[in-house]
Amino acid sequence: QVRPVESGGGSVQAGGSLRLSCTASRPSADIKCLGWFRQPPGKEREGVAVISLESGSTLYAGSVRGRFTLAHDNAKNTLYLEMNSLKPEDTAMYYCATSGLRGGYCTRGMIAGDFNFWGQGTQVTVSS
């Protein structure tokens, strides 16, 4: 099993920025798709963004499109989520997850059930 580990969460004021990192414990050829999900307080987990490691294609939730950006560093085996113009409604526990989904199946939608391994999460709190 290759479980991802998240880092980079914290507390910021609205309009601020944070960069989350997700690093797998070791490289794995089985990992084809990476994603960020979040769970706001009292709400269900929702997809934020996913990236296909084969094609580089990405998919973003409408609520974060234009503000959040994914980037993957192959050499460091790390996925980043650059979050800008943060809003109080971005407050949530953010989770990184990995999947073996290939190509278009990865970016067809942010379906939590498609992802096999999950990190412990990192908290992001945005104050108004």
> Which heavy-atom pair separates Gly47 from Phe37 by the least distance, and what is that distance?
Replying inline: CA-CD2, 3.4 Å
>> Suppose we call two aromatic rings close when their centres sit under 6.0 Å apart. Are Trp36 and Phe68 close by that rule?
In response: no
>> Counting C-beta onward and ignoring hydrogens, is there a side-chain heavy-atom pair between Leu53 and His72 closer than 4.5 Å?
In response: yes
> Sub-3.5 Å donor-acceptor pair from the side chain of Asn77 to the main-chain atoms of Asn74, do we have one?
Replying inline: no
> Just how far is it from atom CG of Asp114 to atom SG of Cys106, taken to the nearest 0.5 Å?
Replying inline: 9.0 Å
> Where do Arg38 and Arg45 land on the side chain to side chain contact (heavy atoms under 4.5 Å, CB included) test, with the steps shown first?
Replying inline: CA-CA 5 Å; Arg38 68 186 181 186; Arg45 189 172 298 187; over 6 Å; no
> Hey, is the main chain of Gly119 close enough, under 3.5 Å, to the side chain of Arg3 for a donor-acceptor pair?
Replying inline: no
> Same hydrophobic cluster for Val50 and Leu79, using side-chain heavy-atom links shorter than 4.5 Å among ILVMFWY?
Replying inline: no
>> Looking only at the side chains, is there a donor atom on one of Tyr80 and Arg19 sitting less than 3.5 Å from an acceptor on the other?
In response: no
> Between the side chain of Gln39 and the main-chain N/O of Met93, is any donor-acceptor distance below 3.5 Å?
Replying inline: no
>> Suppose we screen for side-chain hydrogen bond (donor to acceptor under 3.5 Å, both in side chains). Which residues come up paired with Ser17, at least two apart in sequence or across chains?
In response: Asn84
>> Treating Thr122 as the side-chain partner and Ser7 as the backbone partner, does any N or O pair qualify as donor plus acceptor under 3.5 Å?
In response: no
> If two hydrophobic side chains count as joined below 4.5 Å and joins carry through other members, does Phe115 share a cluster with Ile51?
Replying inline: no
> Where the side chain of Glu6 meets the backbone of Cys96, is there a donor-acceptor pair that is under 3.5 Å apart?
Replying inline: yes
>> Distance check, rounded to the nearest 0.5 Å: Leu59 atom CG versus Cys33 atom SG?
In response: 9.5 Å
> Do the rings of Trp118 and Tyr95 sit parallel, tilted or perpendicular, given the 30° and 60° boundaries?
Replying inline: perpendicular
>> Surrounding CZ of Arg108 (heavy atoms of other residues, nucleotides or ligands, distance under 6.0 Å), is the total greater than 12?
In response: yes
> Is the number of heavy atoms from other residues, nucleotides or ligands within 6.0 Å of CD (Gln120) greater than 12?
Replying inline: no
> Cut-off 3.5 Å, side chains only: do Ser21 and Thr78 have a donor facing an acceptor?
Replying inline: no
> Are Leu81 and Met110 connected, step by step, through hydrophobic side chains (Ile, Leu, Val, Met, Phe, Trp, Tyr) whose heavy atoms are closer than 4.5 Å?
Replying inline: no
>> Please give me the minimum heavy-atom distance between Leu34 and Ile31, naming the atom from each residue.
In response: CD2-CG2, 3.6 Å
>> Are the side chains of Met83 and Leu20 in contact, using a 4.5 Å heavy-atom criterion?
In response: yes
>> Tell me the closest heavy-atom pair linking Cys22 and Pro4, and the distance in Å.
In response: SG-CB, 3.5 Å
>> Do Val126 and Tyr60 land in one hydrophobic cluster if side-chain heavy atoms of ILVMFWY residues count as linked below 4.5 Å?
In response: yes
> How many angstroms lie between OG in Ser11 and CG in Leu86, if you round to the nearest 0.5 Å?
Replying inline: 11.0 Å
> Given side chains that start at C-beta, do those of Pro88 and Ser128 come closer than 4.5 Å, heavy atoms only?
Replying inline: yes
> Hydrophobic clusters join Ile, Leu, Val, Met, Phe, Trp and Tyr when side-chain heavy atoms are under 4.5 Å apart, directly or via other members; which others share one with Leu101?
Replying inline: Tyr105
